[in-house]
Structures are given as structure tokens and as C-alpha cells.
Participant: 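The following block contains the structure, expressed as C-alpha cells.
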Amino acid sequence: MIQFPEKFLDEIRALIPEEYDDFIKSYEKPMNYGLRVNTLKLSPEEYLQLSGEQLCPVPWNELGFYYDGSQKYTKNPLYHAGLYYIQEPSAMRPAHLLPVDEGDVILDMCAAPGGKSTALGAKLKGTGLLVSNDISASRAKALLKNIEFFGIKNSLVLSEDPSRLAQAFPEYFDKVIIDAPCSGEGMFRRKPSMTANWEKFGPEYFGQIQRKILLNGADMLKPGGYMVYSTCTFSGYEDEQSVEYLLENRPEMTCITMERLWPHQVDGEGHFCALLKKAGEPAPSAAVPVYMSKEPSGLDGFWDFLSGAQIEDTFDHNRLVLQKGSLYYFPKHMPDFKGLHVIRNGWYLGELKKNRFEPSGAFARALKKEDCGHVLDLPLSDPRVVKYLKCETIEADTQDTDVLENGWYLVCVAGYPLGFGKMNNGTLKNKYPVGWRWE
């Protein structure tokens, strides 16, 4: 049984006196595990059919499902194909609560490790722009991996203090989500060590951080825009009182709804969410995109790669940007990010080395099987799938296709891209990113 801090128990008694005993008893139950389907790749129904599983849906998010925690869902090729994201069920609520329209420019201010960003990226369906930020550079790198794993190409990943973002993007975003740093009371079951952190810092410490971030978020929101504020804590000081502080200091903001998910009422660890709106009529952004006005030179290797892999050129050449040998495809709404700490700017396509192009894993993940003429599509049960994910060389099989030409291939599992490889006389040289390797 978790050893709760006595001050925390007093707080819960004050919040829910009649439900206190039920709250404590809920921690005797096993933890719930969840996955959320990536609709950039497939529908929930298609995932269930492909996986052959019968999973119970998460009530507050139609893309979420509970799964048995004894099974390692990260040790599954479908996970490595980006078909789902592992996420605690309660944590699926905030991004689901934010109304998203195609073409929106969205900020996820405290984004790592990527649960909210991957959900919002799927909602955008490749349109608009997703700016994902985390003040920790190391956490932002983990965030980037999940965004690229998911096949999100219309993104800008930053590692900045929210106050610097507010200076760079005044009233710029259609939607903002802030899953704020908090005392983590909803994490006590998953990480009992969090209780020591709670005793050291507590709600008062994090509440002050949240208030500053909330003001920054409101200042970056366009008139008429929506913002979601969420925490994984139960403290009224961090939750409702933080929202009240925002409303007092930014009177143009109104609260539409506030929700609490309690662990004794739902099958989840608990969460707080508030949906807010800024007064005024929405206006288009006045920002000028920063991509080049003409196609950069020296891309012959890239065009040769597209031709060899039989990938149709559907790129807007003005949005191709070459930076120190790295080739990117900027989203249509890419803003000026000069002076900011950028982790990734746009869709990373690969590297040009002496006019030879090496495609990236991110390039492969944002493609569909039908986008490429040279495809090595492996069945889910094929042992070569795991070998490929372990960055090992694999051999073509006579059943793969009648004729295997030499050259670049998009490697898929059950029709969903994993990465690239280069075929030479029936042997595929593995180009799966080492940093993504199946361990």
C-alpha cells in the first residue's frame, strides 16, 4: 500500500469528505493501462481487426482502449509502426477536450513526452501547424521521437521557456494546450517515489509555476481561440484556483467547463481539465512563413532517390529547405523561429552527402504504402520484421515479389511503413534509425 503524506490525506478529506474512503480504497486496485490509436494511420476498428484483440474502450476518448498490463505493448511491431501510443487512460482526456479544426495552428506548451502532441497531430490530419514545446531539452528529444514515430510532418519542436515563447508569438495560436508541471498527486500509484517530491515541493511551489504559464498561454492565444489547462494532480490550489487566477488577470478569458477524473470514480489515475476561450473574433495570422521563395540548389540526389524508390514528387518545391546538409519540408504555416531553441523544424526528410541522399525514418513514417512503388511489405508474423527493427540486414524472400529490383525500398509491416532499406541482389541493407532500434 502507498504511504501517502499526511498533509495530502488532509487535502483529500477536505476536497471529498464523503468519498474519502472510496478514494483510498481505489489504490488497492491494480493500475489501468491504455493505448490510443493513431488515426493518421488507421481507425480504431481497423486496429482491432489487424491486431486480433478484443479491448475495452476508454469511455472519455473513443480512440483509447484498456489493455492488460502484463503484456508489453511496446514489444509489438504495430507499436513500432506508430499505430498506437501508450498512454494512461485519464491522460487521454485533455487533448480530446480541445476542439481542433483542420488548418489550426496549435501550441502544446509543456509537451513531453508527447501524449497530447501526438493526439493533436492526428486531429490536424496533416494540415495547419503543431508547435510542440518543452523547456527540458532532453525531454524535448523524447517528444520529437514520438512525433516522428507517429508520422506527424506538420510540426515545429522547440525547447523554450514559456515566457520567451510568449514574446515570440503574441496572439498567434488558434488553440493552446497546457498540461502543466504539477505536484503529481495522480502519479502516486504509478510512481510511489513521487510522494517524496510532493513533500519537498508541494502544490504551492507548482501553483506559482502554473500561474505564470497560464498567463503566457492566454497571451499567445488568438481572439476567439480555445485553450485547455490540465494537471495530473488533485490539489484545488493547482487546479480550480489556478484557473481563477487566470480569469482574474486575463478578463478576456472565460471558462467553458472544468472536469475532474477521480481514481475512485473511473478506471484511471485521475486528471483535471479546464476548457477556456478568449473573447473576440478569430483573425488570420499576420505572420509571414519563413520558407524559401525558391527551391534550393543541390537536390539532385533527392530527386534521384524519389525516382529510384518510385515515390511521386508531390512536394511544393518552395517549401524544401536545405540546412547544413539536412533536408526539411516546412509546413505551410511555419512561423519565424529565429532566436528560439529548435529541436526540429518541419518534416525531416534526410541527409544529402556528396549529392547522395540518405532518407530519414521520419520521412518513411509520414508516407503511406501506396506512396511508394518499391515496397517490401512483411507480414506481422514474419521474423524479419523484428530483425529489421533491430537494425539487422535481412534477406528478400521469393514470396515477397516476383522481381526484386536493386535500389531503395519502403519497408512495411502489414502495410504500414517502418523505414527504408536499400536492396542489393536480394539483400536489404538496413536504414532503420539506430536511435529507434528495438531493444
Side-chain angles (χ1 to χ4, degrees), residues 39-41 82 100-107 117-118 120-132 144 147-158 168-169 172-175 284-338 340 342-353 355-375 408 410 417 419-420:
T39 52
L40 285 175
K41 305 281 187 179
V100 172
D101 298 310
E102 292 185 28
D104 276 346
V105 178
I106 301 177
L107 171 65
S117 280
T118 51
L120 295 171
K123 278 187 168 187
L124 284 172
K125 301 179 182 178
T127 68
L129 174 70
L130 174 65
V131 178
S132 300
L144 170 63
I147 286 175
E148 292 186 334
F149 238 53
F150 239 53
I152 297 170
K153 56 186 178 183
N154 54 321
S155 67
L156 171 64
V157 181
L158 303 173
F169 300 115
Y172 183 81
F173 296 99
D174 299 295
K175 312 286 164 61
S285 174
V288 178
V290 299
Y291 52 80
M292 308 304 228
S293 59
K294 62 179 181 179
E295 176 190 330
S297 60
L299 299 189
D300 291 348
F302 177 62
W303 307 129
D304 290 344
F305 165 79
L306 294 185
S307 176
Q310 297 181 12
I311 298 173
E312 184 181 356
D313 176 14
T314 57
F315 295 91
D316 176 351
H317 290 201
N318 293 336
R319 289 160 55 192
L320 288 165
V321 179
L322 187 61
Q323 297 176 332
K324 298 180 180 179
S326 298
L327 185 62
Y328 303 91
Y329 189 60
F330 277 13
K332 189 175 181 180
H333 299 283
M334 180 70 89
D336 186 353
F337 49 75
K338 185 178 180 180
L340 299 176
V342 176
I343 303 297
R344 178 73 82 232
N345 48 354
W347 187 15
Y348 171 50
L349 300 177
E351 298 290 315
L352 279 159
K353 304 175 181 178
N355 209 32
R356 177 175 52 84
F357 182 72
E358 289 275 340
S360 70
F363 188 4
R365 288 307 180 85
L367 294 174
K368 293 182 172 22
K369 175 184 174 181
E370 52 268 26
D371 294 333
C372 191
H374 274 186
V375 176
W408 287 100
L410 181 66
F420 285 109

Participant: What pair of heavy atoms forms the shortest contact from Phe357 to Trp408, and how long is it?
Facilitator: O-CZ2, 3.9 Å

Participant: Under the ring pair (Phe, Tyr, Trp, His ring centres under 6.0 Å) rule, collect the residues that match up with Phe169, sequence neighbours excluded.
Facilitator: Tyr172, Phe173

Participant: Could you check whether any side-chain heavy atom of Asp101 comes within less than 4.5 Å of a side-chain heavy atom of Lys175, counting everything from C-beta outward?
Facilitator: yes

Participant: Set out, in order, the CA-CA distance, both residues' side-chain angles and the distance that settles side chain to side chain contact (heavy atoms under 4.5 Å, CB included) for Gln323 and Asn345, then state yes or no.
Facilitator: CA-CA 10 Å; Gln323 297 176 332; Asn345 48 354; 2.9 Å; yes

Participant: Within the structure provided, determine whether Pro335 and Leu129 are in side-chain contact (heavy-atom separation under 4.5 Å).
Facilitator: yes

Participant: With distance as the sole test, does Asp174 use its side chain to make a donor-acceptor pair with the main-chain N or O of Ile106 at under 3.5 Å?
Facilitator: no

Participant: So, for Ala364 and Gly419, which heavy atoms are closest and what is the spacing to 0.1 Å?
Facilitator: CB-CA, 3.5 Å

Participant: What pairs of residues pass the salt bridge (charged side-chain N to carboxylate O under 4.0 Å, His left out) test when at least one of them lies in residues 148-158, not counting sequence neighbours?
Facilitator: Glu148-Arg344

Participant: So, taking the atom named NZ in Lys123 and the one named OG1 in Thr118, what distance separates them when rounded to the nearest 0.5 Å?
Facilitator: 11.5 Å

Participant: For a quick test of reading the model, state the closest non-hydrogen atom pair linking Trp347 to Ala362 and the distance between them.
Facilitator: NE1-O, 3.0 Å

Participant: Distance from Asn154 atom CG to Asp104 atom CG, nearest 0.5 Å?
Facilitator: 11.0 Å

Participant: What are the two closest heavy atoms between Ala122 and Thr39, and how far apart are they?
Facilitator: CB-OG1, 3.6 Å

Participant: Can you name the nearest heavy-atom pair linking Val375 to Lys369, along with the distance?
Facilitator: CG2-O, 3.7 Å

Participant: Let me confirm one number: the CZ-CD distance from Arg356 to Glu351, rounded to the nearest 0.5 Å.
Facilitator: 10.5 Å

Participant: Does any N or O in the side chain of Ser132 come within less than 3.5 Å of the main-chain N or O of Ser117, such that one atom is a donor and the other an acceptor?
Facilitator: no

Participant: Between Phe337 and Phe330, what is the ring plane arrangement, given parallel below 30°, perpendicular above 60°, and tilted in between?
Facilitator: perpendicular

Participant: To the nearest 0.5 Å, what is the distance between CZ on Phe420 and CG on Leu367?
Facilitator: 5.0 Å

Participant: Return the CG to OG distance between Leu120 and Ser155, rounded to the nearest 0.5 Å.
Facilitator: 12.0 Å

Participant: Can you name the closest pair of heavy atoms from Leu352 and Gly298 and give their distance?
Facilitator: CD1-O, 3.7 Å

Participant: Is the shortest side-chain heavy-atom distance between Phe315 and Leu349 below 4.5 Å?
Facilitator: yes

Participant: How long is the straight-line distance from CG of Leu320 back to CG of Asp313, given to the nearest 0.5 Å?
Facilitator: 8.0 Å

Participant: List the steps, then state whether side chain to side chain contact (heavy atoms under 4.5 Å, CB included) holds for Leu327 with Val321.
Facilitator: CA-CA 6 Å; Leu327 185 62; Val321 179; over 6 Å; no

Participant: Mind listing the side-chain donor-acceptor pairs of residues 304-311 below 3.5 Å, one per line with the distance, residues two or more places apart or on another chain?
Facilitator:
unit_1	atom_1	unit_2	atom_2	d
Gln310	NE2	His374	NE2	3.3

Participant: Measure the shortest side-chain to side-chain distance between Pro331 and Leu156 over non-hydrogen atoms and say whether it is less than 4.5 angstrom.
Facilitator: no

